[in-house]
Amino acid sequence: MSEESEHRPEDGRADVTIRHKDPPNRRAFLVGATSVLGMAAANLLLSPPSGRALDVPGDPTKVPGALATVYGSRSRFEQAKRLTKPQHSRTPLQDLQGIITPSALHFERHHNGVPLIDPSRHRLLVHGLVEHSLIFTMDELKRFPATSRIAFVECSGNSGKEWKGPKGKTVQEIHGLTSTSEWTGVRLSTVLEEAHLKPEATWMLAEGSDAAAMTRSIPLDRVWDNALLCYAQNGEPLRPEQGYPLRLLLPGWEGNTCIKWLRRLKLVSAPLMTREETSKYTDLMPDGTARQFTFEMEAKSVITSPSGGQRLKASGFVEIRGLAWSGRGRVEKVDVSVDGGQTWQEAELQNPILPQCHTRFRFAWHWEGQEAILQSRCTDETGYQQPTLKELIEVRGINSYYHNNAIQSWKINEDGNLRNVQV
Ligand SMILES: Nc1nc2c(c(=O)[nH]1)N[C@H]1C(S)=C(S)[C@@H](COP(=O)(O)O)O[C@H]1N2
Ligand SMILES: [Mo]
């Protein structure tokens, strides 16, 4: 059992002994034994004694192991799961390491199910204000120069239930509508240049071929350098849930603009005011007007471990871990507070730190068994700092649902239990 699984909720097999005194070696690690040897010793101490009652036949060095498989799967001892509702599912952020979300755990949001599309019959139509209307097959799109980049996708409805008080319990439930993948495809600009845009072509309508036939208007000048038409995710074809065989990826923009199962790009001279950009995905302000075209997802961060629903089973060393991201560029800095935002200390950012990408942060802490409120706060490269919920509400009022990037607070009780609070 690793330190990680000590924090995992619903782990009935975990050892629940609370150690009030640190073993001497772990102490040494905490006062600065940062050598590889020190780390190894500390890790050993964090591991439980062997002999945990698992259904394993004998000594694995005495019997041949399993044979090779054509497509791998997780160890049967690992159980990270998406939290599913019919039209969406949430990534188990508390179970992730590093920055890449395994494709099978990428969050899903579809408005009328996941279509089954035969790639050999799929077409992309480019038309409207162009010199040449064009129809591409998937093979033709794959012949263009390819490019890959790692980027997050976040639904702008992520964390949306938290505007009017703490509702969710776990980080997955509250913030699980964001994931990061390596995306591969052809640049949108490459494909549009083939069609020769007319000078009036300043926006495009992107349309999906799902039963929702989702459409969004996209201003071309703002996406020209970054937009991708993706056919692959984490080294393999897109998952059906992520838009197989083709999706639009606008790095850093609200998930809704990243049209999946993409079948049509119509070049136009103004936004078409579709349902998804008028009655949905806009924010009602206190004065009755709506914020429209809030494309970039603002800087945000969340502590994923320890987090709501988990329990610290022992006092002593705790590595506070989390994710930070910004739709406007790179994460510049993450501060962590253990006293509900009264004081802040800078967390360590783990490489790589990429634009429009989840960034892993870590902060070494010593829990003495006292009550504490953990928070993280992201500052991005534009200097923008993630707000408290109070600051957000001062500007936005309480009629918003989308675009909630407020600081998350996890309260630790003396018994080690963590829960979602607002301070
Ligand atoms: N065609 C189509 N594209 C779509 C959607 C949809 O329902 N249909 N949902 C959108 C929404 S609201 C989000 S948040 C993202 C989710 O992408 P994911 O399912 O790959 O995480 O896809 C967007 N693209
Ligand atoms: Mo979304």
Side-chain angles (χ1 to χ4, degrees), residues 82-93 96 100-117 122-125 150-161 172 175-185 204-218 223 227-234 236-266 274-283 293-297 300 325 327 356 358 400-405:
R82 289 193 289 220
L83 206 59
T84 58
K85 290 270 164 55
Q87 302 291 351
H88 72 257
S89 67
R90 294 168 185 265
T91 294
L93 297 175
L96 301 188
I100 301 290
T101 309
S103 302
L105 295 175
H106 195 288
F107 86 90
E108 304 163 79
R109 175 72 177 107
H110 30 78
H111 290 67
N112 205 353
V114 177
L116 180 63
I117 296 174
H122 191 71
R123 299 288 182 272
L124 176 69
L125 167 65
I150 306 175
F152 76 84
V153 177
E154 182 180 18
C155 176
S156 44
N158 200 20
S159 332
K161 290 201 179 79
Q172 176 173 19
H175 306 291
L177 295 177
T178 183
S179 307
T180 285
S181 289
E182 187 203 52
W183 305 96
T184 299
M204 72 174 187
L205 183 80
E207 182 184 70
S209 57
D210 53 334
M214 180 158 287
T215 46
R216 282 293 303 252
S217 308
I218 312 292
V223 302
L228 293 185
L229 305 179
C230 296
Y231 42 77
Q233 171 186 10
N234 298 331
E236 60 180 359
L238 282 179
R239 291 286 166 112
E241 309 90 284
Q242 264 68 62
Y244 183 84
L246 186 68
R247 97 173 292 170
L248 178 62
L249 182 81
L250 304 175
W253 282 26
E254 62 179 359
N256 188 259
T257 61
C258 301
I259 299 294
K260 301 190 283 189
W261 313 294
L262 185 72
R263 71 171 178 191
R264 187 162 75 103
L265 298 174
K266 181 175 187 182
T274 72
R275 172 185 184 269
E276 307 301 324
E277 57 208 22
T278 52
S279 90
K280 304 294 173 204
Y281 301 99
T282 60
D283 306 306
F293 301 121
T294 35
F295 290 129
E296 281 100 348
M297 297 303 292
K300 190 165 172 177
W325 61 96
Q356 290 94 25
H358 284 174
S400 280
Y401 180 81
Y402 305 105
H403 307 105
N404 181 350
N405 67 324

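Order of appearance sets the numbers: ligands from 1, and atoms from 1 within every ligand.
At a 3.5 angstrom cut-off on N or O pairs, Y281 does not count as close to ligand 1. Looking at S209 next to ligand 1, no N or O pair under 3.5 Å apart turns up. Ligand 1 has a nitrogen or oxygen under 3.5 angstrom from a nitrogen or oxygen of R109. For ligand 1, none of its N or O atoms has an N or O atom of C155 under 3.5 Å away. The N/O atoms of N112, backbone and side chain alike, include none that comes under 3.5 Å of an N/O atom in ligand 1.
Distances from atom 6 (C) of ligand 1 to the heavy atoms of M214, E207, R216 show the closest one on M214.
With a 4.0 Å heavy-atom cut-off, ligand 1 is reached by the side chain of H106 but not by its N, CA, C or O. When non-hydrogen atoms are compared, ligand 1 lies under 4.0 Å from the side chain of W261 (C-beta onward) but not from its backbone.
Ligand-side atoms of ligand 1 in range of I259: 3 (N), 24 (N), range being under 4.0 angstrom from any heavy atom. With ligand atoms numbered from 1 in the order given, ligand 1 contributes 7 (O) to contacts under 4.0 Å with heavy atoms of H110. Contact atoms of ligand 1 toward C258: 22 (O), 23 (C), 24 (N) (distance under 4.0 Å to a heavy atom of the residue). Under a 4.0 Å criterion applied to the non-hydrogen atoms of E108, ligand 1 contributes the atoms 19 (O). The distance from ligand 1 to the heavy atoms of D210 drops below 4.0 Å at these ligand atoms: 1 (N), 2 (C), 6 (C), 7 (O), 8 (N). Residue-ligand proximity, G208 to ligand 1, at heavy-atom distances under 4.0 Å covers atoms 1 (N). The distance from ligand 1 to the heavy atoms of Q242 drops below 4.0 Å at these ligand atoms: 18 (P), 19 (O), 20 (O), 21 (O).
Of the possible donor and acceptor atoms, none in the side chain of R90 sits under 3.5 Å from a partner among the backbone N and O of K85. Proximity of a side-chain donor or acceptor of T274 to a complementary backbone N or O of T215 within less than 3.5 Å is detected. Using modelled atom types, no side-chain atom of Q87 and backbone atom of R109 make a donor-acceptor pair closer than 3.5 Å. A donor-acceptor pair is defined here as one N or O able to donate and one able to accept, closer than 3.5 Å; no such pair exists between the side chain of E296 and the backbone of W253. In this structure, the side chain of S179 engages the main chain of F107 through a donor-acceptor pair within 3.5 Å. Counting only distance, with no hydrogens or angles, the side chain of T178 and the backbone of V153 share a donor-acceptor pair below 3.5 Å.
The single protein non-hydrogen atom nearest to atom 11 (C) of ligand 1 is N256 CA, 3.6 Å, given as residue, atom name and distance. The closest protein non-hydrogen atom to atom 17 (O) of ligand 1 is R247 NH2, 3.1 Å. Atom 19 (O) of ligand 1 has as its closest protein heavy atom K260 NZ, 2.5 Å. With respect to atom 21 (O) of ligand 1, the closest heavy atom belonging to the protein is F107 O, 2.7 Å. Atom 15 (C) of ligand 1 has as its closest protein heavy atom G255 O, 3.4 Å.
Distances from ligand 1 to the non-hydrogen atoms of E254 include no value under 4.0 Å. Ligand 1 does not have A212 within reach: every non-hydrogen atom of the residue lies 4.0 Å or more from it.
Between the side chains of S159 and K300, a donor-acceptor pair is found at a separation under 3.5 Å.
In this structure, W261 and H110 have tilted ring planes: the angle between them lies in the 30° to 60° band.
Residue E207 is tested with R247, K260, R264 for a salt bridge (charged side-chain N to carboxylate O under 4.0 Å, His left out); the sole match is R264.
Every residue two or more places apart in sequence or in another chain that forms a salt bridge (Lys or Arg N to Asp or Glu O under 4.0 Å) with E277 is listed here: R216.
Here F293 contributes atom CZ and T282 contributes atom OG1; the two are 10.0 Å apart, rounded to the nearest 0.5 Å. Annotation: the span from N112 atom CG to D210 atom CG amounts to 7.5 Å, rounded to 0.5 Å.
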Next on the checklist: Between R239 and E108, does the salt bridge (Lys or Arg N to Asp or Glu O under 4.0 Å) criterion hold? Intermediate values first, please.
Outcome noted: CA-CA 10 Å; R239 291 286 166 112; E108 304 163 79; over 6 Å; no

